[in-house]
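In what follows, a single structure is set out as structure tokens and then discussed.
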Number of protein chains: 2
Amino acid sequence: MNTAPTVYDVAERSGVSIATVSRVYRNPDTVRAKTRERVLAAARELGYVPSGNARGLASRSTGVLGLCFPDYSDPDAEAEAEDDAATLYSDQIIRGMERTARRHGYALLIAASLKGGPESLVAKVAGRVDGFAVLARTVPTEELEVISRRQPVVMLAGPREDLDHLDHVEVANFDGQRELTRHLIEDHGLRRLAYVGSAEESPDVEARFRGYLEACRVAGAEAGDQPAVRVRMMTQAEGARVADALCDREDGRPEALVFANDQMAVGALHALERRGLRVPRDVVVTGFDGLPLSRLVRPSLTTVRQPMLRMGEQAVTLLVERLNGARVEPVSLVLPVSVARRASCGCDGDDGPPPGGE
Amino acid sequence: MNTAPTVYDVAERSGVSIATVSRVYRNPDTVRAKTRERVLAAARELGYVPSGNARGLASRSTGVLGLCFPDYSDPDAEAEAEDDAATLYSDQIIRGMERTARRHGYALLIAASLKGGPESLVAKVAGRVDGFAVLARTVPTEELEVISRRQPVVMLAGPREDLDHLDHVEVANFDGQRELTRHLIEDHGLRRLAYVGSAEESPDVEARFRGYLEACRVAGAEAGDQPAVRVRMMTQAEGARVADALCDREDGRPEALVFANDQMAVGALHALERRGLRVPRDVVVTGFDGLPLSRLVRPSLTTVRQPMLRMGEQAVTLLVERLNGARVEPVSLVLPVSVARRASCGCDGDDGPPPGGE
DNA sequence: ACCTAGGGTGAATGCGCTTACAAGAGCGCG
DNA sequence: CGCGCTCTTGTAAGCGCATTCACCCTAGGT
């Protein structure tokens, strides 16, 4: 692990100036072929790798895009197991971003925020990339606002707020949940629904709830002005707990449990099975997200599919556009979602081959 | 997107020298509290974010670890769908690395290699990180060898080669496949097995095959010295094709199809169902990897579980150790695997809750 | 043979920060 | 009252590369 060779070493070894070495890498065409060969040979012998830092400093750009996301997974042993089975939301976004970034010649820097040190997180990422995406509520909007004055920032999965100048990519939470709810009420004739949302302020989850309410209103179905339950964390464990609680309610078990995400719905599926209840015969369960997991559980889960890969792709596209100076006005993209009608509401999986058979 | 404020701006605004500004961020304790406040206030007003590049250049370290992996997914529409359902190998490793890196104060830079431009890939990553991991065969070993003279490099999922000085993290491919095969032969009394490997040179897949052979040898079961089939790509589609081919063999259908990975095995499951064959009654199928998918298909797949998250964690641990100068000799870690005996070999899922129930 | 264009190369500067090193300020002590 | 300290802050020298400008050399034109 000796100190790494630099342009100076390569220059000396190949008998040229450092400017020429630099040119060999940046603009090979401007260097005579013979000289170029000599330089490359020397570089190879020395094991020279250009310093990204120096490069970035001098050229004022890094060739790297970033992503900040919250750390969903708890370090608990139990959560570990859950992890194991689920492709997380963030995995998909990472994949989408990486793929698209690569296509544009960028690498991707990812960093999850631990609760507590958000400042250092963003600073660390922001200082090392040409632009970056942030999953909603990972970082205070004001902070992003400041940073976005110097580099492109796009917010994922959060609606555009009045005064922010960021680019946004979100999905049609309202429409998706409304359509799903409409399906339950009109196509399956369900009336007594219970919506399970989140206690923490999440604009996405709120939008879903509003979609749910709208569908209820239109169909004249019962629906309080608040979710039946608000959980603290939208995990499988909480979903299971809530399912139990709702089944034990004095005013009778709801006909359908409408969860704000798939994780909770899957947890509920487990809990209901433990109680000996059949889904969808005894109770209908739905989720939201369209995780791969949702298609693979039994019964397969009716849910709203978010194009998560595409969110990542769009985020990168927006960043690149802005880096190329193509746009000035902030945009707010709303990606369409689709309702996956599967077994857990009484439909049969009609959205692709069921696992183990095709 | 004006030009970003620098230490100079902050220094001027707060009436100190740039050294003091720097110290406020690097060693806050060495600056008088009052001065520190002034500097931080100025920084906040200006929206100052330290340049990672300059920082890295001056301090000769980046606080970033890297990962290079091959791009498994084809951009085809069909592959897209497959993607959708699978948590990829790389996702897990990314997650494991990110989590552990964060714990040590590092961020993670990821970059997949497209076929063709491997040189630029590694150079790009290597030049920007303090150390990095590479998935086996993403990059020629010799190239890594050179780079590892200047920064820590660990290879994932590839065995230590004679002359390389890299750190390695692999799993017990041989042991795992041997144990799985032994189980099929001794516990299920199967004799006519067919191993499906890969045409491309993959040390991991080769080790698995050797484990298979060893088990056959010990038990006195038939086994050629070559896999029954070698596929070009280890995908579901190929798995399905191979399953069909093996069933149509003149010398009769094998009792068990032993696949070198889960993806192929799952493809085979589909193909067999299409032919009306029952698994495991008519034919036994096994995989390797322990993807989440393997537990969720019906019948659930008997396979060998690799601790992929842990591989990522170990990779980071090794990198950090080396960065701290703790070690000099290269090490070669072999992580243990475990056989998941599930429905596709006639056992019942005894390794955790079946999906939809617990 | 002289002049002009370029192509190819080197010298020099600066990117924004870290980090010795030095210097000044305040302090207790003999 | 002067010396040696500790605590703070400033000065200055890079870190490794990109890039501008100037320069040299050769080829082509007249």
Rounded distance (Å) that lies between atom C1' of dT18(C) and atom CG of Asn53(A): 13 Å

Would you say dT9(C) has OP1 or OP2 under 4.0 Å from some side-chain N or O of Arg23(A)? no

Distance-only donor-acceptor test (3.5 Å): side chain Tyr8(A), base dC15(D): no

Using the side-chain heavy atoms of Thr6(B), tell me which of these nucleotides is nearest: dG16(C), dG10(D), dC17(D). dG16(C)

Side chains of Leu156(B) and Leu67(B), heavy atoms from C-beta outward: is any pair under 4.5 Å? yes

Whole angstrom value for the distance that separates P of dG16(D) from CD of Gln151(B): 14 Å

Looking at every strand, decide which applies to Val21(A) at a 4.0 Å heavy-atom threshold: base, sugar-phosphate, or nothing. nothing

Answer yes or no: does a side-chain N or O of Tyr48(B) lie under 4.0 Å from OP1 or OP2 of dC17(C)? yes

Are any of Tyr25(B)'s side-chain N or O atoms less than 4.0 Å away from OP1 or OP2 of dG16(C)? no

Please identify which of these residues, Val24(B), Val10(B), Val21(B), meets the side chain to side chain contact (heavy atoms under 4.5 Å, CB included) condition with Leu40(B). Val24(B)

If only side-chain N and O atoms of Ser17(B) are considered, is one of them under 4.0 Å from the OP1 or OP2 phosphate oxygen of dG10(D)? yes

Whole angstrom value for the distance that separates C1' of dT18(C) from CG of Leu57(B): 10 Å

Distance below 4.0 Å between Ser51(A) side-chain N/O and dC17(D) OP1 or OP2: no

For DNA chain D, which residues of residues 26-43 of chain A approach it to below 4.0 angstrom with any heavy atom? Arg26(A)

I need the single residue from Val316(A), Leu323(A), Val129(A) that forms a side chain to side chain contact (heavy atoms under 4.5 Å, CB included) with Tyr106(A). Which is it? Leu323(A)

Rounded distance (Å) that lies between atom P of dC15(D) and atom CD1 of Ile18(A): 12 Å

May I ask you to evaluate whether Ser22(B) reaches the phosphate of dT18(C), defined as a side-chain N or O under 4.0 Å from OP1 or OP2? yes

Taking the nucleotide of DNA chain D with the closest heavy atom to each, which residue, Ala54(B) or Val16(B), is nearer the 5' end? Val16(B)

Heavy-atom count around Arg38(B) CZ within 6.0 Å, excluding the residue itself: above 12? yes

Kindly indicate whether the side chain of Ile110(B), heavy atoms from C-beta on, has any atom under 4.5 Å from the side chain of Phe132(B). no

Reckon Arg55(A) has a side-chain N or O less than 4.0 Å from the OP1 or OP2 of dA18(D)? yes

More than 12 heavy atoms from other groups under 6.0 Å of CD on Glu12(B): no

Going by side chain to side chain contact (heavy atoms under 4.5 Å, CB included), Val146(B) matches just one of Arg149(B), Glu143(B), Arg150(B). Which one? Arg149(B)

Rounded to the Å, how far apart are Arg60(B) CZ and dC17(D) C1'? 14 Å

